[in-house]
Amino acid sequence: MKDAFGLPQSLLVLGGTSEIALATARRLIARRTRTVWLAGRPSPALDEAVQDLRAHGADVRTVAFDALDPETHEEALGKVFAEGDIDLVLLAFGILGDQAHDERDPSAAVRVARTNYIGAVSAGLVAARALQTQGHGSLVVLSSVAGERARRANFIYGSSKAGLDAFAQGLGDALQGTGVHVMVVRPGFVRTRMTAGLPEAPLATTPEAVATAIELGLRRRSETVWVPGVLRVVMSALRHVPRGVFRRLPV
């Protein structure tokens, strides 16, 4: 069960090699978390993540999970919840894609959408139902500021995150009064392997900074968290810029 400050004893990460998720797990282990499940495709990277978190003092277990195979999500997550209550589910998987390539290859664009949106809808609903059945818990969904307004440079990725964001907000509304808390996290550009080699955007941040914001959001029972916080103001302004002007902005 969570403590008085909303921090979990048990954590399930969907997307077990995510740098943001692992930074969050390390931060929570340092506070109170003792059991961590990493859900992902078996790989050397997943094995390394297990060893890293064990070195930080957690009991770490894995479960095979593939975002692109929704038919298996109920069975995979069922194995985890059958072992005991989960206080926090962190939905952290996603792919950026290659905008220029994906515009010319619809199948590649569909893979981005299937991973970031369809896979997340499936896993999110399965996790939410399990949390509701046990009567408590939080679902934290890693969205992105890219979903706030489609940009020419990454509208395929941005549109998938826009769908995910809307889904998570609606799910949070649907779960009001059930004991389950849904929190949407909207980071800007995060310096990770996924963004390596890309031009760094203004207000770039780190996985550790996102982890800090997630912890604070859990303590506050926040519904939406921006990282960094100033992006709330920036994106509010950009949403209202006329489309013709927005097209000419260097964003």
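A quick note: this is a predicted structure, and the numbers were derived from the prediction, not measured.
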Enquirer: What distance do Arg34 atom CZ and Leu11 atom CG have between them, rounded to the nearest 0.5 Å?
Expert: 12.5 Å
Enquirer: Does anything in residues 141-167 form a ring pair (Phe, Tyr, Trp, His ring centres under 6.0 Å)? List the pairs, not counting sequence neighbours.
Expert: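 For residues 141-167: none.
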Enquirer: Salt bridge between Arg152 and Glu103, side-chain N to carboxylate O under 4.0 Å?
Expert: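 The answer is yes: the pair qualifies as a salt bridge.
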Enquirer: Hey, is the main chain of Thr178 close enough, under 3.5 Å, to the side chain of Gln132 for a donor-acceptor pair?
Expert: no
Enquirer: What do you reckon, is CD of Gln99 surrounded by more than 12 foreign heavy atoms closer than 6.0 Å?
Expert: yes
Enquirer: Check whether Thr115 reaches the backbone of Val112 with its side chain - one donor and one acceptor, N or O, closer than 3.5 Å.
Expert: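 Checked: no pair found.
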Enquirer: Same cluster or not: are Phe93 and Val182 linked, directly or through other Ile, Leu, Val, Met, Phe, Trp or Tyr residues, by side-chain heavy atoms under 4.5 angstrom apart?
Expert: yes
Enquirer: Output side-chain donor-acceptor pairs under 3.5 Å for residues 116-127, partner residues at least two apart or in another chain, one line each.
Expert:
{"residue": "Asn116", "atom": "OD1", "partner": "Ile95", "partner atom": "N", "Å": "2.8"}
{"residue": "Asn116", "atom": "ND2", "partner": "Ile95", "partner atom": "O", "Å": "2.9"}
{"residue": "Asn116", "atom": "ND2", "partner": "Ser160", "partner atom": "OG", "Å": "3.1"}
{"residue": "Ser122", "atom": "OG", "partner": "His73", "partner atom": "ND1", "Å": "2.8"}

Enquirer: Can you measure from CG (Leu28) to CD1 (Ile214) and round to the nearest 0.5 angstrom?
Expert: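 Here the rounded value is 8.0 Å.
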Enquirer: If I take atom CZ from residue Arg27 and atom CG from residue Leu216, how far apart are they, to the nearest 0.5 angstrom?
Expert: 9.0 Å
Enquirer: Can you tell me how far CG of Leu14 sits from CG of Leu142, rounded to the nearest 0.5 angstrom?
Expert: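 Here the interatomic distance stands at 10.5 Å.
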Enquirer: Do the side-chain N and O atoms of Asp47 and Gln51 include a donor-acceptor pair separated by under 3.5 angstrom?
Expert: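 Not at all, the side chains of Asp47 and Gln51 share no donor-acceptor pair under 3.5 Å.
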Enquirer: Same cluster for Leu53 and Leu12 if Ile/Leu/Val/Met/Phe/Trp/Tyr side chains link at under 4.5 Å?
Expert: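 They do not share one cluster, since no chain of ILVMFWY contacts under 4.5 Å joins Leu53 to Leu12.
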Enquirer: Does a salt bridge link Arg26 with Asp52, judged by any charged N lying under 4.0 Å from a carboxylate O?
Expert: yes
Enquirer: So, Ser18 side chain and Gly15 main chain: donor-acceptor pair closer than 3.5 Å or not?
Expert: no
Enquirer: Membership question, hydrophobic clusters at under 4.5 Å side-chain separation (ILVMFWY): are Ile29 and Val50 in the same one?
Expert: yes
Enquirer: When you check the gap from the basic side-chain N to the acidic O, do Glu83 and Lys79 get nearer than 4.0 Å?
Expert: no
Enquirer: Can you tell me if CD on Glu74 sees more than 12 non-hydrogen neighbours from other groups inside 6.0 Å?
Expert: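 Open.
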Enquirer: Keeping the roles fixed (side chain from Arg41, backbone from Phe65), state whether a donor-acceptor pair exists under 3.5 Å.
Expert: no
